[in-house]
Amino acid sequence: MTQQVQPIFILPENAQRTYGRSAQHNNIAAAKAVADTVRTTLGPKGMDKMLVSNLGDVVVTNDGVTILEEMNIEHPTAKMIVEIAKTQENEVGDGTTTAVVIAGELLHKAEALIEQDVHPTVVAKGYRMASEKALQILRELSFEIKETDEASLHRIATTAMTGKGAEHAKEHLSTLAVKAVKSVMEKAEGKIIVDKDNIKIEKKVGGSVEDSELVEGIILDKEKVHPSMPDSVKNAKVALIDCAVEVKSTETDAKIQITEPNQMQGFLDMEEKIIREKVEKIAASGANVIFCQKGIDDLAQHFLAKKGIFAVRRVSQSDIEKLARATGGKIVSNLHDISADDLGKAGLVEAKRVGDEEMTFVRECRNAKAVTILIRGGTEHVVDEIKRAVEDSIGDLEAALTVGKVVAGAGATETELALQLRKYGQGLSGREQLAVNAFAEAIEVIPRTLAENSGLDPIDLMTELKAAHDRGEKTAGVDVFAGKAQDAWKAGIIEPLKVKLQAVSSASEVAIMVLRIDDVIAAGKQDSGPKMPPMPNGGGMPDY
Ligand code: ADP
Ligand code: MG
């Protein structure tokens, strides 16, 4: 008698499940697809991508994290890879493509091992060992950098901008980035702190990239409130106010009954008196410029203008705070208390037309702890991409200064790292050694891709590069312009150690996590549409 085998269902009907090899294969394929997307953008000769949203908005960029964020990726494993780029962006601000490309390659190499029947957990263990060793080797390969070393800071900023839309003006822009970072840099207990929030980046379409400038102070996207106020104020004494310069409106709806015409006049006179007093208070403090977070009444505008005071209203809270850091002023909440001590200083405050918009420049603040970089460029897409490049270089400068360590770029550090990892692998047992070697090969994806993206033969170049490292030339990297190996350090291609540490550690963490998955259970998509009511008689044609 044959027994009937009943299948057992433990999952809802529309759930999808893949397991074993096929789950691993799918996951790795998804990760590789993400890495391949951004791979062609890596390095000075990397290409750009054009992304068009469903609303028709266009973004042209070379920036890894921007590409991945705009792509709206859905596959769960692919999303995990996108997370690497986001972490990299938040922690360092640069190296997003590098991190994603390494993760993709780690999984690609792992797949080859799995196909040779090395169990995924063995690969995962080997990868974990290799990644710990890699972080240690990277630290050993780094050089110290001091904040006084202007030339090197400049090179870090330029390296970050190479190959972006900002390429042709990178000298000018990196000067701005270095100056900005050095202005806001602070030292506490011997440690350097750079708060990127104190560097405001404003963009205005128009002019050329070379017209971009650093303002030691703040640029506001606002105009003065009254046309007869002065256009510029030298030696400005700046009042920062976070209450309104108006007659207080009553909290509840009050009704004022006026029965005679002179009562009306009395009422208006009263209002005028209050406003006049407020303006007098401001003037008495010695302020000749005010920035107000709230509104400024028409009448107050008129009185302020008559006194020659420059005023801007409805300045955002974050800008008021930045103004306080830039000018050294205190934010005043009650006009009755305002005094000369509360005022900040700026060499020049001016109203200026940039492009087709009126803006206010607060310049020449001495020891400004908040600064602004104004980015100019031919079109919206150009200024956006330049802003991203400048942000990358500011991130790199921060990472270099706060950690105080840098490494050679152009694939030099990755090549040396791979070489040393292989040496480390020699002391391990067979299968772990295989995994460590695979890890080393995966790291070499960086110099290989730099060569590929420059139209060079990756095999020739890698052979030359490895030979140089075998001879002990630890900083030999890719010269993408001459198509051969060169000393990247001497060529001034410098990157912060932190970029490499973060890229290697997050890429390997995610690769290991993906490798350990052997079962993917996906709940079916929930039906969001309205449910049809059940048809009588089980649907179909009615019985007659
Ligand atoms: P990421 O998003 O990873 O920062 P990038 O497109 O900025 O990607 O490329 C960074 C890579 O380009 C780094 O490996 C860096 O060393 C390399 N690189 C930068 N400038 C040069 C150069 N002049 N020659 C060769 N490689 C360079
Ligand atoms: Mg970069």
Side-chain angles (χ1 to χ4, degrees), residues 34-35 37-49 61-69 82 84-89 91-105 138 141 154-167 170-171 174 177 385-386 388-397 399-400 406-417 443-456 461 465 475-504 506-507:
V34 175
T37 316
V38 291
R39 198 173 155 166
T40 55
T41 69
L42 186 83
K45 295 233 178 159
M47 304 293 273
D48 297 346
K49 305 244 170 229
T61 185
N62 176 287
D63 189 46
V65 71
T66 310
I67 296 169
L68 297 176
E69 274 174 351
V82 177
I84 302 178
K86 289 189 185 160
T87 310
Q88 185 81 20
E89 176 79 1
E91 290 289 314
V92 199
D94 191 22
T96 52
T97 314
T98 304
V100 168
V101 169
I102 292 179
E105 197 66 11
L138 281 173
L141 290 176
H154 207 82
R155 292 197 190 103
I156 294 168
T158 343
T159 303
M161 276 188 251
T162 316
K164 315 271 174 210
E167 168 89 40
K170 64 181 179 187
E171 288 303 325
S174 58
E385 180 67 347
I386 289 177
R388 283 189 285 269
V390 171
E391 279 168 349
D392 279 3
S393 65
I394 289 174
D396 275 359
L397 287 168
V406 287
V407 293
T413 301
E414 286 86 354
T415 314
E416 182 64 23
L417 174 59
I443 295 289
E444 277 171 358
V445 72
I446 299 300
R448 205 164 355 107
T449 308
L450 287 174
E452 265 169 32
N453 287 353
S454 320
L456 308 173
L461 204 110
L465 210 53
T475 51
V478 189
D479 183 342
V480 294
F481 303 101
K484 57 187 178 52
Q486 70 167 349
D487 188 328
W489 184 260
K490 287 209 181 110
I493 305 166
I494 311 180
E495 290 177 284
L497 170 66
K498 195 173 168 192
V499 172
K500 303 287 174 196
L501 291 178
Q502 184 67 48
V504 168
S506 42

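Whatever order the structure lists them in is the order used to number ligands and atoms, beginning at 1. Atom set for the values below is all heavy atoms of this structure, side chains included, hydrogens, waters and symmetry mates excluded.
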To the nearest 0.5 Å, what is the distance between OG1 (Thr415) and CG (Leu465)? 4.0 Å

Got a second to check how far Glu444's CD is from Ile102's CD1, nearest 0.5 Å? 11.5 Å

Using only atom types and a distance under 3.5 Å, with no angle test, would you say the side chain of Gln88 pairs donor to acceptor with the backbone of Ala503? yes

Can you tell me the protein heavy atom closest to atom 4 (O) of ligand 1 and the distance? Asp94 OD1, 2.8 Å

Atom 24 (N) of ligand 1 [closest protein heavy-atom partner, distance rounded to 0.1 Å]: Ile493 CD1, 3.4 Å

I need the Glu416 CD to Leu138 CG distance, nearest 0.5 Å. 10.5 Å

Any sub-3.5 Å donor-acceptor pair from Lys500's side-chain atoms to Glu495's backbone N or O? no

Taking 4.0 angstrom as the limit and counting only heavy atoms of Leu42, give me the atoms of ligand 1 inside it, by number and element. 3 (O), 6 (O), 8 (O), 9 (O)

Could you list which atoms of ligand 1 come closer than 4.0 Å to a heavy atom of Asn62? 6 (O)

Ligand 1 contacted by Pro44 (non-hydrogen, < 4.0 Å): yes

For atom 19 (C) of ligand 1, what's the nearest protein heavy-atom neighbour? Residue, atom name and distance, please. Thr159 CG2, 3.6 Å

What protein heavy atom is closest to atom 13 (C) of ligand 1, reported as residue, atom name and distance in Å? Glu495 OE2, 3.4 Å

Looking at side-chain heavy atoms only, is the closest gap between Ile386 and Met161 below 4.5 Å? no

Scan side-chain atoms only and decide if Thr41 and Asn62 contain a donor-acceptor pair under the 3.5 Å cut-off. no

Taking every heavy atom of Ser393 against every heavy atom of Ala157, the minimum-distance pair comes out as CB-O, 3.5 Å

Atom 7 (O) of ligand 1: which protein heavy atom is closest, and how many Å away? Lys164 NZ, 3.2 Å

Distance, nearest 0.5 Å, that separates CD of Glu391 from CD of Glu89: 7.5 Å

Which heavy-atom pair separates Val406 from Ala400 by the least distance, and what is that distance? CG1-CB, 3.9 Å

So, is Gly95 polar-close to ligand 1, with some N/O to N/O distance under 3.5 Å? yes

Could an N or O of ligand 1 be found under 3.5 Å from any N or O of Ala410, whether backbone or side chain? yes

Find the distance between CG (Asp396) and CG (Asp94) and round it off to the nearest 0.5 Å. 4.0 Å

In the protein, how many N/O/S atoms are under 2.8 Å from the Mg ion (ligand 2)? 1

Could you tell me whether the side chain of Glu105 reaches within less than 4.5 Å of the side chain of Arg39, counting heavy atoms only? yes

Would you confirm whether Thr413, through its side chain, and Gly409, through its main-chain N or O, come within 3.5 Å as a donor-acceptor pair? no

Any idea which of Thr96, Thr162, Ile494 brings a heavy atom closest to atom 20 (N) of ligand 1? Thr162

Got a second to check how far Thr98's OG1 is from Ile84's CD1, nearest 0.5 Å? 12.0 Å

N/O to N/O below 3.5 Å, does that happen between Thr97 and ligand 1? yes

Does a side-chain heavy-atom distance below 4.5 Å link Thr87 with Gln502? yes

Relative to the heavy atoms of Gly409, which atoms of ligand 1 are at a distance of less than 4.0 Å? 16 (O)

If we only count N/O pairs under 3.5 Å, is Gly43 in contact with ligand 1? yes

The protein heavy atom nearest to atom 3 (O) of ligand 1 is Thr98 OG1, 2.5 Å

Do any nitrogen or oxygen atoms of Glu414 lie less than 3.5 angstrom from nitrogen or oxygen atoms of ligand 1? no

Which ligand 1 atoms does Val478 reach within 4.0 Å, using its non-hydrogen atoms? 25 (C)

Region of Thr41 that comes within reach of ligand 1 [heavy atoms, distance under 4.0 Å]: backbone

